[in-house]
Amino acid sequence: MTTSSHAVHDASIVALDRFILATRDSGYKGTPSAVAELIDNALQAGARDIEIQILRDEREPSWPLTVTVLDDGEGMSPATLRQALRFGGSARFNDRHGMGRFGMGLPNASLSQARRLEVFSWQEPDRAIRCHLDADEIASGAVTEIPPPTRCAVPTEARGGTGTLVRWRRCDRLDFKRPDTIISRLAPHIGRVFRYFLLDGVEITLNGQDVAPLDPLFLEPRAVHSGARRFGAPMRYEVATQHADDREESLGVVQVVFSELPVQ
């Protein structure tokens, strides 16, 4: 077999320029699940106040919507921030305390919705660091690694001495084009997925409006809808879980609850 002298023999494990474009099509069903990934990250960082904004940026006529998620969590060091932008680079790999496990969430969720991800983080009230991930820069071959974070001022939106702000720019894959429509779809999804955190006092807002907890069983009196009653006894199933090191096994319990919804 002969090959052209001009052929490029690249033996890297990942064809980075193609991977970054292909990964935009994988893993997330839509904007609500991608935003939920960022909320989960914030909660794992200890956040109690999370503000989501979906606004228009007239500087980007082709993709005018910008999404930001601001939290008052513990913030990140430069090394942690750089790792957080790597696919699989999370410091919480296989951590079962949140909904994600494998460190793909921040970059994968973000680039599934936007062409550019910017992250600002601060662990003290008077200075922050920033870093970014740009799909076009990677696809063109101009960037092959996460750039080192740089020092910057704390964003004016900051609400505390520590925190993180995630910004999606050039949003070309949001489910809808109008902020109000996106928010109307986000609110019930976030209210349902994070209902236990909301009931525990975590505050999540969408363009300044509080997200209310949504109990799909209608059993929780503090949720948006209630009035159901339990139907029968809960069903409990024990499930064995193999840990990542393949040496330890623990036993978990899945509980299935049924409710009888009110007529209305």
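As the structure is a computational prediction, the values presented were derived from the model and not from experiment.
Cluster membership for V211 and I182, using ILVMFWY side-chain heavy atoms within less than 4.5 angstrom, is shared. Tracing side-chain contacts under 4.5 Å through hydrophobic residues (I, L, V, M, F, W, Y), one reaches F231 starting from V256; they form part of the same cluster. A continuous path of Ile, Leu, Val, Met, Phe, Trp and Tyr side chains, each step under 4.5 Å between heavy atoms, connects V166 with F197, placing both in one hydrophobic cluster. Note on V224: it does not cluster hydrophobically with L206, by side-chain heavy-atom contacts below 4.5 Å among ILVMFWY residues. Criterion: ILVMFWY side-chain heavy atoms under 4.5 Å apart, direct or through other members. Under it, L106 and I129 are part of a common hydrophobic cluster.
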Chi angles and distances behind the salt bridge (Lys or Arg N to Asp or Glu O under 4.0 Å) call for R48, D200 = CA-CA 10 Å; R48 301 290 295 175; D200 189 43; 3.5 Å; yes
Y196 and V202: CA distance, side-chain angles, deciding distance, side-chain contact (heavy atoms from CB on, under 4.5 Å) verdict = CA-CA 9 Å; Y196 296 118; V202 170; over 6 Å; no
Trace of the side-chain contact (heavy atoms from CB on, under 4.5 Å) decision for I52 with I190 = CA-CA 11 Å; I52 303 163; I190 293 172; 3.8 Å; yes
Does the pair R127 and R151 meet the rule for a side-chain contact (heavy atoms from CB on, under 4.5 Å), with working shown?
-> CA-CA 7 Å; R127 62 177 180 174; R151 292 288 183 184; 3.9 Å; yes
Check against side-chain contact (heavy atoms from CB on, under 4.5 Å), F87 and N108 = CA-CA 7 Å; F87 289 87; N108 204 8; 4.1 Å; yes
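In summary, R159 and E203 do not engage in a salt bridge, as defined by a charged side-chain N under 4.0 Å from a carboxylate O. Ion pairing between D172 and R115 holds under the 4.0 Å rule for side-chain N and carboxylate O.
Side-chain contact check for I39 versus F194: some heavy-atom pair is nearer than 4.5 Å. L85 is listed as a side-chain neighbour of V119, based on a closest heavy-atom distance under 4.5 Å. For the pair R56/P179, a side-chain contact is recorded, criterion being any heavy-atom separation below 4.5 Å from C-beta on. For the pair V67 and C171, the minimum side-chain heavy-atom distance is below 4.5 Å. Residues R185 and F176 have side chains in contact (heavy-atom distance under 4.5 Å, counting atoms from C-beta outward). Inter-residue side-chain proximity for I138 and L133 is flagged as met; some heavy-atom pair is nearer than 4.5 Å. For the pair P147 and C131, the minimum side-chain heavy-atom distance is below 4.5 Å. At least one side-chain heavy atom of I50 sits under 4.5 Å from a side-chain heavy atom of L43.
A distance of 4.5 Å separates CD1 of I204 from CG of L198, quoted to the nearest 0.5 Å. One distance of note links CZ of R222 with CZ of R195; it measures 12.5 Å at 0.5 Å rounding. Atom CE of M76 is separated from atom CG of L81 by 5.0 Å, given to the nearest 0.5 angstrom. Here T68 contributes atom OG1 and L55 contributes atom CG; the two are 6.5 Å apart, rounded to the nearest 0.5 Å. Here F218 contributes atom CZ and S259 contributes atom OG; the two are 8.5 Å apart, rounded to the nearest 0.5 Å. Taken to the nearest 0.5 Å, the OG atom of S121 stands 7.5 Å off from the CG atom of D71.
Closest heavy-atom contact between W122 and P155: CZ3-CD, 3.6 Å. Taking each heavy atom of V154 and A158 in turn, the nearest pair found is CG1-CB, 3.5 Å. The minimum heavy-atom distance linking S110 with L38 is given by the pair OG-CD2, 4.1 Å. Residues R169 and A114 share a closest heavy-atom pair of O-CB, 3.3 Å. A pairwise comparison of heavy atoms in P107 and A84 identifies CD-O, 3.5 Å as the closest pair. Minimum interatomic distance between V257 and P234 (heavy atoms only, all atoms of both residues): CG2-CB, 4.2 Å.
In this structure, a donor-acceptor pair under 3.5 Å is present between the side chains of Q113 and T31. Side-chain contact check for S77 and T80: at least one donor-acceptor pair (N or O, by modelled atom type) lies under 3.5 Å.
Within the cation-pi definition used here (under 6.0 Å to the ring centroid, within 45° of the axis), R116 does not qualify as a partner of W168.
Looking at S33, its side chain does come within 3.5 Å of a backbone N or O of G30 through a donor-acceptor pair.
Partner of H132 under the side chain to side chain donor-acceptor pair (under 3.5 Å) criterion, chosen from E118, R167, E137: E137. None of T66, D57, D134 except one satisfies the side chain to side chain donor-acceptor pair (under 3.5 Å) rule with R170; the exception is D134.
Other residues, nucleotides and ligands place more than 12 heavy atoms under 6.0 Å from the CD atom of E157.
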